[in-house]
There are 2 protein chains.
Amino acid sequence: MNHPSPKGSWRWMAYETNAGEFNCLATQERQTAESMMRSIFRKVDCVHCKFSRACLPFGLTPEEVGHLETIVKRKRPINSDEYLFRQEDHSNSLFIVKSGSFRSFIWDIDGGEQTIGFYLPGEFIGLDALRQGGRHHCSAVALETASVCELPINRLNELSAKIPKLQSQFLRIIGSQIVSDQVTIVLLGNRSATVKVAAFLLAMSRRYKALGYSGTEFNLTMPRHNIANFLGLSIETVSRQLGSLSNSGAVSIKNRGVQIKNLTLLEAIVEPGLTNQYSCANY
Amino acid sequence: MNHPSPKGSWRWMAYETNAGEFNCLATQERQTAESMMRSIFRKVDCVHCKFSRACLPFGLTPEEVGHLETIVKRKRPINSDEYLFRQEDHSNSLFIVKSGSFRSFIWDIDGGEQTIGFYLPGEFIGLDALRQGGRHHCSAVALETASVCELPINRLNELSAKIPKLQSQFLRIIGSQIVSDQVTIVLLGNRSATVKVAAFLLAMSRRYKALGYSGTEFNLTMPRHNIANFLGLSIETVSRQLGSLSNSGAVSIKNRGVQIKNLTLLEAIVEPGLTNQYSCANY
DNA sequence: CGGACCTTTGACCGCGGTCAACCTATGTGG
DNA sequence: CCACATAGGTTGACCGCGGTCAAAGGTCCG
């Protein structure tokens, strides 16, 4: 929970709710306590899930979705800084973010870490465990109170064999993940600090928009040093670039709150390279 | 074909053969013309393919491999600089490198390109086309005369539904690809030019070794500017780093020929980061 | 032999890392 | 309610790594 609360912390309430959903709203658009309360016991099966069109149920008949439901485990919410899984953990499951957000990273031998990516609702985590041996190659921690759907790989395979549409949708999602990683490689490969930071903001904007939230006003759920580490920059450089993007009028930054003031300008800054490519990650 | 030939070009001969296999041998170990000739009409179905243990047939019964054979298309060899597919091409197929090597890259708007990765025999290309829409997100060109197996995705899905082991092996390979991309992200993210170049050589060494070739003596199949572009460095910096690695006694570089002189030293240079991680890409 | 391309080497300098100080937000205990 | 501690974020000064420009080999080809 990175946004200020009227009184005390809402974290207790997030437990057993899908409160993480609210974290991408800008400060002034924050939900009231009432609306949060109303959503506490909301039904969140696949049929009612707002992300299902970008998830496995897409294209399936209601009956087939029912079959899928039977293999989905819905775990208790995960608190901020809690691990979803750790590097080298054995795993027989994939995870889909239902609410909140995650960060994945790889440990260096010397104890440092390299952030691999960030995950918003509707996105898959843990595809790296598909490889031989089934061990995770990276760790994933919650950036805020979050919840996930867990999918046992074996059972998903069994079901995929019976439901061809599920199979092909699964592969489409995997393909999107691969493309997303490729785009990250492009971003890190040859770009200036300015373009990296601008592209990062633009990508977050597009991802939030694709999720049905505001694409022009949102809160970053990760601290600066995670952004810096992800982009291969120092914290200071990220801060300076955010400052200069603010000065140019492209965006307005207030702590973790972001307003896109001039989308065209922001796109123009990113343009020398990858505007079309660095769009919403998993679509 | 990047290595010198005793007389004239062998390129004509590579056509309709699997000559690309020879390109990763060091100069002094090159096959004679005779042995190349003998291999021209060698049978290269899945059962006889030396890469099958890292490919889809792994773990399948001979009968199941026979079924797999029926959907594999074996295309004519691809010449150096010829495209396997182009960005935005519609595609219903995956490809597996049978011989030779490939480079994949993304076009920038301004006409520049960013290399995404290199592909050696036994490795999969084109998984990015699995995503929604089935369009390739990158282009792939042959770095030398090469050949591939083509796998229509639809037919692979059909067969996977019938052969669970095929399904899980396919997912394992995809998982390896994802891990490989993640490792590239780590490499590009925070490393010095020295470590990037050393890690690149170390990775090539391990990949060749895993393929059954020499891990201490091999030829790079790509020009310097491809390496530089891939690593996010300038050509000059790559050249300088290769020079300093030579001076340190870790390796010996002669044009595209590489000899690993002191593996321990090379690993030590890469160590601050990702020795274990940046190993053979697709295993 | 001549030309195109690849690779190396040197000189210069700017982007971005590093170090340091300061500012701000949040939480804790007196 | 304020003093203080802590963590996160910003800003400034400095300088080194690596990009850029330029020129000179090397290698392969017709």
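Since this is a predicted model, take the numbers as computed values, not measurements. Each chain gets a letter, A, B and so on, in the order its sequence line appears, and its residues count up from 1.
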When the distance from CG of B:Asp81 to P of D:dC28 is rounded to whole Å, what number comes out? 16 Å
Using modelled atom types only, decide if a donor and an acceptor are shared between the side chain of A:Ser205 and the backbone of A:Gly215 within a distance under 3.5 Å. yes
Do side-chain atoms of B:Asn229 reach the backbone of B:Thr115 as a donor and acceptor pair under 3.5 angstrom? yes
Side chain to side chain donor-acceptor pair (under 3.5 Å) against B:Lys261, all qualifying residues, sequence neighbours excluded: B:Gln259
May I have the list of side-chain donor-acceptor pairs in residues 194-204 of chain A shorter than 3.5 Å, sequence neighbours left out?
unit_1   : atom_1 : unit_2   : atom_2 : d
A:Thr194 : OG1    : A:Gln241 : OE1    : 2.9
A:Lys196 : NZ     : A:Leu231 : O      : 2.9

Just to verify, what does B:Asp89 make a side-chain contact (heavy atoms from CB on, under 4.5 Å) with, not counting sequence neighbours? B:Phe85, B:Arg86, B:His136
Integer-rounded Å distance: C:dC6 C1' and B:Leu220 CG: 14 Å
How large an angle, rounded to 10°, do the end axes of the helix from C:dG3-D:dC28 to C:dG30-D:dC1 enclose when each is built from five base pairs? 30°
From CG of B:Asn229 over to P of C:dC6, roughly how many Å is that when rounded to an integer? 14 Å
Taking only N/O atoms, report every protein-nucleotides 9-12 of chain D pair under 3.5 Å with atom names and distance.
unit_1 : atom_1 : unit_2   : atom_2 : d
D:dG9  : OP1    : A:Arg256 : NE     : 3.3
D:dG9  : OP2    : A:Arg224 : N      : 2.9
D:dT10 : OP1    : A:Arg224 : NH2    : 3.3
D:dT10 : OP2    : A:Arg224 : NE     : 3.0
D:dT10 : OP2    : A:Ser239 : OG     : 2.9
D:dT10 : O5'    : A:Ser239 : OG     : 3.1
D:dG12 : N7     : A:Arg240 : NH1    : 2.9
D:dG12 : O6     : A:Arg240 : NH2    : 3.4

Could you state the atom-to-atom distance from CZ of A:Arg191 to C1' of C:dC15 in whole Å? 16 Å
Sole residue of B:Ile125, B:Val148, B:Leu143 in side chain to side chain contact (heavy atoms under 4.5 Å, CB included) with B:Tyr119: B:Ile125
Check for a donor-acceptor pair, side chain of A:Ser139 on one end and backbone N or O of A:Gln87 on the other, with a separation under 3.5 Å. yes
When the distance from CG of B:Asn190 to C1' of C:dG17 is rounded to whole Å, what number comes out? 11 Å
Provide the full list of side-chain hydrogen bond (donor to acceptor under 3.5 Å, both in side chains) pairs with a residue in residues 242-253 of chain A, sequence neighbours left out, each pair given once. none
B:Lys254 NZ to D:dC28 P: how many Å, rounded? 11 Å
Spacing between B:Lys196 atom NZ and D:dC17 atom P, to the nearest angstrom: 15 Å
